[in-house]
There are 2 protein chains.
Amino acid sequence: MSAAAPAGTAERILEVAERLVQTRGYNGFSYADVAAELGITKPSLHYHFASKAELGETLIARYHTRFAAALGGIDAAGGDAETRLRRYAALYADVLDKQRMCLCGMLAADLETLPGGMREAVVRFFDASETWLEGVLDEGKASGTLRNDSPSHDQAQMVISALEGAMLVARSYHDPERFRMVARRLVTSLSA
Amino acid sequence: MSAAAPAGTAERILEVAERLVQTRGYNGFSYADVAAELGITKPSLHYHFASKAELGETLIARYHTRFAAALGGIDAAGGDAETRLRRYAALYADVLDKQRMCLCGMLAADLETLPGGMREAVVRFFDASETWLEGVLDEGKASGTLRNDSPSHDQAQMVISALEGAMLVARSYHDPERFRMVARRLVTSLSA
DNA sequence: GTCTATAACGAGATAGAC
DNA sequence: GTCTATCTCGTTATAGAC
């Protein structure tokens with residue numbers, strides 16, 4: 001769940017825009033902000049991303065891909081279901097440590113104002129997280145390391161909700177430890 | 001936790017602006033939007049609220065007051081700690097049923113872009129919720145209806161985080177039941 | 001691929017008449 | 001208390017030169 005490289009202009013634009021969306025929201029940043037930070041002009045941005053909507057859709061696709069790769073990494077690393085859940089929560093904690101909100105959590109707040117393509121992409125991100133979590137929860141129940149007191153489907157939705165909310169609130173207090181405490185409680189509440 | 005009345009201009013402005021902030025965010029609405037909806041002009045808005053920041057601060061103060069009154073109503077209605085927790089969650093559900101996000105949850109996403117006065121007011125809202133919840137949790141432990149397995153302080157932060165996050169995500173799916181499921185699980189996880 | 005220049009519009013805000 | 005008129009600035013976006 002990280003990137004960084006020498007990077008061409010398009011990628012540097014995405015890096016800056018991603019941070020701005022995660023900290024200020026979709027309606028809280030402009031092409032002028034990105035251009036100024038990169039020392040280029042606004043029309044140069046439009047060369048790489050014709051519209052703000054196109055830039056936004058690219059940001060979500062990129063974030064989704066990186067997140068999916070991180071989930072693949074967790075699966076590849078092995079460990080029991082509880083360990084995977086802790087690592088899943090750690091992905092969120094890493095974002096918060098950079099003083100950012102989850103990209104799609106932030107865009108969920110802006111949802112009503114987003115162009116249609118972005119709206120659907122945000123929901124697909126949550127769907128993918130939910131599907132992965134369900135798999136981990138099912139596996140944990142089968143192997144007896146996780147509590148089997150309610151449907152994995154419901155538990156997965158609970159996990160996503162609590163982690164997104166904990167990010168949102170902890171960021172308001174500039175207190176990542178507040179997030180970590182919630183994450184620990186959450187994992188504990190699921191373990192057998 | 002509701003209002004509505006014959007209402008003068010200032011109050012009608014607040015009603016419209018509140019809904020717009022809760023659905024579109026602070027940077028997703030304008031004086032022009034409010035004015036158009038009320039059939040008045042932008043300068044008339046500025047007569048009642050000189051700046052957008054002032055309007056924003058008034059919105060939070062008003063919301064905070066109404067929320068505090070609702071908490072007072074829960075206390076006055078009696079019932080055990082678990083019942084109070086369910087009623088607390090129901091306050092959020094009522095907001096979501098109107099297809100809105102919690103005002104302060106939405107503003108927490110916009111936090112970095114808010115004028116200083118609004119930022120502090122958002123945090124004070126969370127603090128007040130947390131304090132009230134702590135009281136309910138302590139009472140529930142003392143009377144034996146709630147589980148006493150971790151500090152009320154931590155549990156209160158967990159409740160706020162999970163409910164705010166569940167609102168954020170459930171709204172993306174236009175699915176209030178998704179919120180209610182999370183709220184039920186949450187209360188159950190706290191009961192003895 | 002990046003620039004200058006500019007269009008076309010919307011934002012928050014003010015002056016001053018009624 | 002609400003209006004018309006206007007200011008200034010920021011926004012997304014395009015045309016066309018280099």
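A note on names: the letters A, B, ... follow the listed sequences, proteins ahead of strands, and every chain is numbered from 1.
The side chain of A:Pro43 lies closest to C:dC3 when the candidates are C:dC3, D:dA13, D:dC3. Taking only side-chain atoms of B:Lys52, from C-beta outward, the nucleotide of C:dA13, D:dT11, D:dA15 with the closest atom is C:dA13. Closest to the A:Ala32 side chain, of the nucleotides D:dT11, D:dA13, C:dT2, is D:dT11.
Applying the 4.0 Å criterion to OP1 and OP2 of C:dT2, one finds that A:Thr41 has every side-chain N and O outside that range. Of the side-chain N and O atoms in B:His46, none sit less than 4.0 angstrom from OP1 or OP2 of D:dT2. For A:Ser44 and C:dC3, the shortest distance from a side-chain N or O to OP1 or OP2 is below 4.0 Å. Close to C:dT2, at under 4.0 Å from its OP1 or OP2, lies a side-chain N or O of A:Thr9. Taking only side-chain nitrogens and oxygens, A:Ser30 comes nearer than 4.0 Å to OP1 or OP2 of D:dT11.
If you check every strand for non-hydrogen atoms under 4.0 Å, A:Tyr31 touches sugar and phosphate atoms only. Among the protein residues, B:Phe29 comes within range of the sugar-phosphate backbone only, with heavy atoms under 4.0 Å from sugar or phosphate atoms but none that close to a base.
Contact check for B:Arg185 versus A:Gln157: no side-chain heavy atoms found under the 4.5 Å cut-off. By the 4.5 Å heavy-atom criterion applied to side chains, B:Arg184 and A:Met158 are not counted as neighbours.
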For this session: Give the C-alpha distance, both sets of side-chain angles, the deciding distance and a yes or no for salt bridge (Lys or Arg N to Asp or Glu O under 4.0 Å) between B:Asp33 and B:Arg19.
Result: CA-CA 11 Å; B:Asp33 296 329; B:Arg19 194 191 71 246; over 6 Å; no

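C:dT2 atom P lies 8 Å from atom OH of A:Tyr47, rounded to whole Å. For the pair B:Leu38 CG and D:dT2 C1', the computed distance is 13 Å after rounding to whole Å. Between the P atom of C:dA7 and the NZ atom of A:Lys42 lies a distance of 14 Å, rounded to the nearest Å. Rounded to a whole Å, the CG atom of A:Asn27 is 18 Å from the P atom of D:dG10. Summarising the geometry, the separation between CD1 on B:Ile13 and P on D:dT2 is reported as 7 Å, rounded to the nearest angstrom. Atom CZ of A:Phe49 and atom P of D:dT12 are 15 Å apart (whole Å). Atoms CG (A:Leu45) and P (D:dT11) sit 12 Å apart, rounded to a whole Å. Distance A:His48 NE2 to D:dA13 C1': 16 Å, rounded to the nearest Å.
Ring pair A:Phe179/A:Tyr92 is parallel by interplanar angle, where below 30° counts as parallel and above 60° as perpendicular. The aromatic rings of A:Phe67 and A:Tyr88 stand perpendicular to each other, their planes meeting at an angle above 60°, with 30° marking the opposite boundary.
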